[in-house]
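Working notes for the structure below.
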Number of protein chains: 2
Amino acid sequence: MDGRTRSVTMREVAQHAGVSSSTVSRALSGSRAMSAEIRDRVLRSAEALGYEVNLLGRALRQQRLDVVGLILPDFSNPFFTALAEQLGAVFREAGFELLVSSAGNDLGIERRAVSSFLGRQIHALVVIPSDEAASRAALDAASRRVPTVQFDRRVADSDAPYVGCDNRIGVELIVRHVREVTPPGEPVVFVGAGTASSSARERREAFAALMPEALILDGSFDVAWGHRAARELLDRGIAGATVVTSADVIALGLQSELQAAGRRVPGDFRVIGFDGVGVADYALPALTTVRQPVEAMSRAILELITRDDPATPAGTVLVAPDLVLGDSSRTASGRAARGR
Amino acid sequence: MDGRTRSVTMREVAQHAGVSSSTVSRALSGSRAMSAEIRDRVLRSAEALGYEVNLLGRALRQQRLDVVGLILPDFSNPFFTALAEQLGAVFREAGFELLVSSAGNDLGIERRAVSSFLGRQIHALVVIPSDEAASRAALDAASRRVPTVQFDRRVADSDAPYVGCDNRIGVELIVRHVREVTPPGEPVVFVGAGTASSSARERREAFAALMPEALILDGSFDVAWGHRAARELLDRGIAGATVVTSADVIALGLQSELQAAGRRVPGDFRVIGFDGVGVADYALPALTTVRQPVEAMSRAILELITRDDPATPAGTVLVAPDLVLGDSSRTASGRAARGR
DNA sequence: TTGAAAGCGCTAACAA
DNA sequence: TTGTTAGCGCTTTCAA
């Protein structure tokens, strides 16, 4: 190693090519017609010196930056990272770069991440709020400066528009399916994730409204709660049921604990998930689940950010999910759909 | 909504407070002693106007930026995102901000991500290469400009130092454990992930050297391969074995497929994973696995980046993993260690 | 078509 | 202790 190379500036390219730096700028950006001879000379010099544009200088001068920031509560939730991946692809296509930052489930870090992105003059900000109440200040601060979209967790009364899955439709799809596959006399159980997040709350409420007769257990969005919920069902002496969960991770834990206890799935229990991205493939038998339309949601976010009109009041975009039938489904189409 | 607010500059704060902009700069950064009266006045003005520093201007002037970039092949691998989370925490403590970008498993995108980070004058770059051969150019280009560390996948002959898990030690821990728990006469099978990635190759080679008698099957780093491998074992008429896998996701798929086929784990088969972060908790019975020391590796990366000395040749830092005993372990300490 | 000059917002060297 | 000035690297007037 011979040490680090200092970065080459336009000035140096200009000197090398014997032109002014504005000519270099124009040659590289192609912003203006110019003699082919000079352009080639400039491009060759840039190449020879290994010139790469300093985006800081450009952004400072242009007063804009084609970067969109994404702040996640953490990187460990597979649904969040699936969104990050998809959002990155959609933005890239539209000429934006996506930079992602984790709030580590900490409000202070989230706030600093917001102001750091704002201080970098990013074009827009997408936030999955860490906390549905306390994240509001940071969200509104961002919203005052750049187009800001909140995703997946809805912060009450925030100025920022919200994009998410239409949980009511998702639950309706599930309920229709549940009525088809549940044998007469067997109970239906809903294993939720509390009421702390808007997604969990909306799913739970929609379910309770449509199937008031169902037993409802509440926990959190993780595998361990699925394990515990399964044991709780068994402890209550339930030997067979259709179990609707509010996330695939819960379904996964529940299903494997039931199997470990010797229960047949889907023979004795039918387990239904929610999300359909990330971990849904892990389950065996394949999970029947509601698939969140991650791509459509990403496009909705792009739309809000590019067609941004600050005069329009903050809106809500709900994108409809669809049902993915797994091995728990008894219909022929279920197995066919999974292609196993 | 009343539209977006233009960002307030130091100049405006200075005018508001009736001082010069350098005084504002000093008051806000606390870089120099100054009269308390003026400082308070400046801080009040900044507060009143809602001033937030423009990091672009600062970075351009200071010629440095306390940001470290991380480029992942994709966001869907739980081990990568676990690293991202931990690395973010370690860097934050050290005064750096971590910004993450996904290469979408595409070399072109990876290259653009590298030059974009370089163009933003980041302090250092951490890359999990998308491809162990083809990523070299991008890695070396970065290395010429800023401290650059490659992680998890080792690119041959790259200038950038490498930080990773000591796979040989991990495999030794596994082999020792396997010899303890495998009943006499039962086979040992290694379910690997090919030779395309250095991690997979190193684990496979270490295992083959230590247990040449074992059957080796090769696939890829995903759950589906675990499912297929399990069926292959059963098709070969193997009714019981200790199965060592090269990643937890493979172990997870293998274990659930064996259970679905009615085999007892750990009664008939013992399944051992590798990674110990992200999805290891999903398994039931709990997986015995090698835990990659994500925090120690993150600190090693920080060390390389801060103590960077370009004159020193690129090095390799291997951090030792440890064994986490799951329910497959027959020793009492196994269950105790997991605390279930 | 090209060059000179200004200036984006900030900080640091230098003067007062 | 505070202000003046210069300049980080770039783009974009404005003039030639």
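Every chain is numbered from 1 and lettered A, B, ... according to where its sequence line falls, protein lines coming before strand lines. All of these numbers come straight from a predicted model, not from anything done at the bench.
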Original post:
Would you say the side-chain atoms of B/Arg41 and B/Ser45 include a donor-acceptor pair closer than 3.5 Å?
Top reply: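 No, no side-chain donor-acceptor pair sits under 3.5 Å.
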
**OP:** Please check if any side-chain donor atom of A/Glu85 sits under 3.5 Å from a side-chain acceptor atom of B/Ser102, or the reverse.
**Re:**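 A pair is found: one side chain offers a donor N or O, the other an acceptor, under 3.5 Å apart.
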
**OP:** Take A/Leu56 and B/Val19, find for each the nucleotide of DNA chain D with the closest heavy atom, and name the residue whose nucleotide sits nearer the 5' end.
**Re:**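 Closest to the 5' end, via its nearest nucleotide, is B/Val19.
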
Subject >> Sidechain N-carboxylate O distance under 4.0 Å for B/Glu303, B/Arg299 >> reply: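 Salt bridge: no.
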
**OP:** Carefully, step by step, assess A/Leu99 and B/Val100 under the rule side-chain contact (heavy atoms from CB on, under 4.5 Å).
**Re:** CA-CA 6 Å; A/Leu99 291 180; B/Val100 188; over 6 Å; no

Original post:
Roughly how bent is the helix from C/dT1-D/dA16 to C/dA16-D/dT1 end to end, in steps of 10 degrees, with each end axis from five pairs?
Top reply: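 End-to-end axis angle: 50°.
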
**OP:** On DNA chain C, reading 5' to 3', which nucleotide is the first and which the last to sit with an atom under 4.0 Å from a heavy atom of chain A, could you check?
**Re:**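 Taking any atom under 4.0 Å from a heavy atom of chain A, the span is C/dT1 to C/dG9.
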
Original post:
Touch check for A/Ile38, heavy atoms < 4.0 angstrom, all strands: base, sugar-phosphate only, or nothing?
Top reply: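 Contact class for A/Ile38: sugar-phosphate only.
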
**OP:** Output, in order, the C-alpha distance, side-chain angles, deciding distance and verdict of salt bridge (Lys or Arg N to Asp or Glu O under 4.0 Å) for A/Asp140 and A/Arg136.
**Re:** CA-CA 6 Å; A/Asp140 287 352; A/Arg136 191 186 156 192; 3.1 Å; yes

**OP:** Taking side-chain hydrogen bond (donor to acceptor under 3.5 Å, both in side chains) as the test, write out the residues that go with B/Arg145, two or more places apart.
**Re:**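 Residues passing side-chain hydrogen bond (donor to acceptor under 3.5 Å, both in side chains) with B/Arg145: none at all.
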
Original post:
Residues in side-chain hydrogen bond (donor to acceptor under 3.5 Å, both in side chains) with A/Ser76, at least two apart?
Top reply: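 A/Ser76 satisfies side-chain hydrogen bond (donor to acceptor under 3.5 Å, both in side chains) with A/Asp74 only.
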
**OP:** Verify side-chain contact (heavy atoms from CB on, under 4.5 Å) between A/Leu83 and A/Ile128, making sure each step is shown before the conclusion.
**Re:** CA-CA 10 Å; A/Leu83 176 86; A/Ile128 301 181; 4.0 Å; yes

Original post:
How does protein reach along nucleotides 10-16 of chain D, written 5' to 3' as B (base within reach of a heavy atom under 4.0 Å), S (only sugar-phosphate), or - (no contact)?
Top reply: BBBB---

Original post:
Given A/Phe151 and A/Ile301, is the side-chain contact (heavy atoms from CB on, under 4.5 Å) satisfied, shown in steps?
Top reply: CA-CA 9 Å; A/Phe151 180 80; A/Ile301 291 172; 3.7 Å; yes

Subject >> Interatomic distance, B/Leu60 CG vs D/dA6 C1' [rounded to whole Å] >> reply: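 It works out to 13 Å between those atoms.
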
Original post:
Taking only residues two or more places apart in sequence or in another chain, which ones pass ring pair (Phe, Tyr, Trp, His ring centres under 6.0 Å) with A/His123?
Top reply: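 Checked A/His123 against ring pair (Phe, Tyr, Trp, His ring centres under 6.0 Å); matches are A/Phe96.
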
